[in-house]
Protein chains: 2
Amino acid sequence: MARKSNSKQVILDAAEAVVMEVGAGHMSLDLVAKKAGVSKGGLMYNFPSKEALLKAMITRLIEQFYVDREKKIKDLKKSGPGAFLKAGILASFEHDDKRSRMGLSILAASAHNPGLLEPLKQAYQAHVKEMLDSGLKFEPAEIVSLAADGLMFWELFRLSPFNENQREKIKKEMLRMIDQLEVEKE
Amino acid sequence: MARKSNSKQVILDAAEAVVMEVGAGHMSLDLVAKKAGVSKGGLMYNFPSKEALLKAMITRLIEQFYVDREKKIKDLKKSGPGAFLKAGILASFEHDDKRSRMGLSILAASAHNPGLLEPLKQAYQAHVKEMLDSGLKFEPAEIVSLAADGLMFWELFRLSPFNENQREKIKKEMLRMIDQLEVEKE
DNA sequence: ATAAGTATACCGACTGGTCGGTTTGTTTGT
DNA sequence: ACAAACAAACCGACCAGTCGGTATACTTAT
């Protein structure tokens with residue numbers, strides 16, 4: 001490699017920031033390049049098309065989810081059947097700037113070409129399978145999991161009516177429900 | 001009135017169909033006009049801007065939700081504290097072509113201008129308030145409600161991994177949980 | 001009754017601008 | 001020297017919105 005470069009990550013960050021600022025349907029390559037402090041040519045060198053850029057955004061989103069989930073699993077010293085579910089929920093309740101920006105990748109990709117979300121479907125499918133394989137009962141486990149997703153989606157569209165306190169209460173109740181599921185299993 | 005015309009509804013239907021076919025980020029006025037069997041000028045006459053069109057799509061989506069919910073409330077002859085919640089869930093599990101197309105309005109509006117979703121936020125806030133005012137406990141009621149939303153959103157992005165059988169099981173369990181909530185309240 | 005005037009509903013060519021992608025040229029590390 | 005990494009001007013397609021015009025119905029004055 002001629003010159004060590006982290007341009008790809010810088011550009012991906014810039015892309016998320018642009019989506020945040022101008023909306024998912026107005027993420028143009030020129031804006032992303034400017035935001036990243038790179039020329040159009042530099043962007044095209046790293047990502048040969050807009051689709052390639054969006055694909056990379058989705059890939060990074062998925063990888064980040066697995067990293068966050070893994071971190072949460074390690075935090076839970078007790079590793080019962082609900083570990084994957086709990087970790088997924090804790091991860092999705094984490095919402096620093098980085099996470100909320102990354103969610104916007106979903107909207108950007110969906111606006112340009114819904115097919116780009118296919119890897120996300122695969123990942124979600126795998127996550128669901130892991131949750132269920134650990135021995136939880138399908139329906140109640142899915143309801144808790146879907147509830148976390150629902151909240152995440154409302155926030156993704158910036159439509160959530162819940163304040164921090166309410167969010168926290170909901171999270172607590174979710175974790176309590178999972179504990180209950182684990183007890184019933186024994 | 002010079003001549004009765006239902007062009008507006010025809011155009012709104014066409015807009016939804018176009019979003020369905022080409023994706024939320026590629027809904028152009030020309031395509032909508034062509035789909036509706038109307039000229040560009042005819043479209044602009046009925047909706048003076050793209051924003052106006054998208055706003056009307058969101059408005060119709062909200063109104064349709066209330067209509068569907070009302071219908072479900074009437075179907076439930078027993079009207080316990082969980083009536084609004086149950087009706088909302090039953091309505092969101094209904095997914096004929098019309099409903100799933102209308103959901104796409106959210107993506108189209110969000111892609112063009114996220115601010116267009118403000119009325120949706122108001123409506124959702126009101127729906128949540130109505131559910132809670134009827135006397136249900138906040139956390140568990142919200143979890144069931146959010147789970148239905150979560151499933152709806154996954155389907156909106158066409159990422160749901162659940163088949164009809166699993167969907168039905170989840171719905172049944174949701175209704176059971178609400179019954180349980182009503183019993184505990186007495 | 002009817003011609004003139006007016007409002008509604010719609011048409012389609014055109015314009016200014018945006019955006020994805022290309023091409024060509026330049027710098028920089030090894 | 002040479003390839004990787006970028007810069008910058010440019011191209012063509014697309015697209016939102018404009019505008020002058022048309023057609024049909026409704027209203028009014030005679």
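Heavy-atom basis, side chains included; hydrogens, waters and symmetry copies ignored. Naming convention: chains lettered A, B, ... in sequence-line order (proteins, then strands); numbering from 1 in each chain.
- In this structure, B/Lys50 reaches the sugar-phosphate backbone alone: every heavy-atom distance under 4.0 Å involves primed, P, OP1 or OP2 atoms, never a base.
- The interatomic distance linking B/Leu53 (CG) with D/dG17 (P) rounds to 10 Å, in whole Å.
- A ring-centre distance under 6.0 Å is not found for A/Phe162 and A/Trp154.
- Nucleotide C/dT8 holds its P atom 18 Å from the CG atom of B/Asn6, rounded to whole Å.
- Atom pair A/His112:NE2 and D/dC14:C1' shows a separation of 14 Å (rounding to whole Å applied).
- C/dC19 atom P lies 13 Å from atom NE2 of B/His26, rounded to whole Å.
- The distance from atom CG of B/Leu29 to atom C1' of D/dT18 is 13 Å, rounded to the nearest whole Å.
- Between B/Asn46 and C/dA9 there is no side-chain polar atom (N or O) within less than 4.0 angstrom of OP1 or OP2.
- A salt bridge between A/Asp179 and A/Lys86 is present, with a side-chain N of the basic residue lying under 4.0 Å from a carboxylate O of the acidic one.
- With the nearest nucleotide of DNA chain D identified for both A/Val38 and B/Leu31, A/Val38 has the one nearer the 5' end.
- Residue A/Tyr45 places no side-chain N or O under 4.0 Å from the OP1 or OP2 atom of D/dC6.
- Salt-bridge check for B/Glu16 with B/Arg60: passed, with a basic side-chain N closer than 4.0 Å to an acidic carboxylate O.
- Here A/Ser7 reaches the OP1 or OP2 of D/dC6: one of its side-chain N or O atoms lies under 4.0 Å away.
- Proximity note for A/Ser39 (side chain, C-beta onward) versus D/dC15, D/dC6, C/dG21: the nearest is D/dC6.
- When distances run from any side-chain atom of A/Lys40 to the nucleotides C/dT22, D/dA16, D/dT18, the shortest one goes to C/dT22.
- Checked for salt-bridge contact, A/Glu182 and A/Lys137 miss the test: no charged N lies under 4.0 Å from a carboxylate O.
- For B/Asp30 and C/dC14, the CG to C1' distance is 12 Å, given to the nearest whole Å.
- The interatomic distance linking A/Ile11 (CD1) with D/dA5 (P) rounds to 12 Å, in whole Å.
- Note: CZ (A/Phe47) to C1' (C/dG20) measures 16 Å, nearest angstrom.
- The number of heavy atoms from other shown groups lying within 6.0 Å of NZ (A/Lys121) is above 12.
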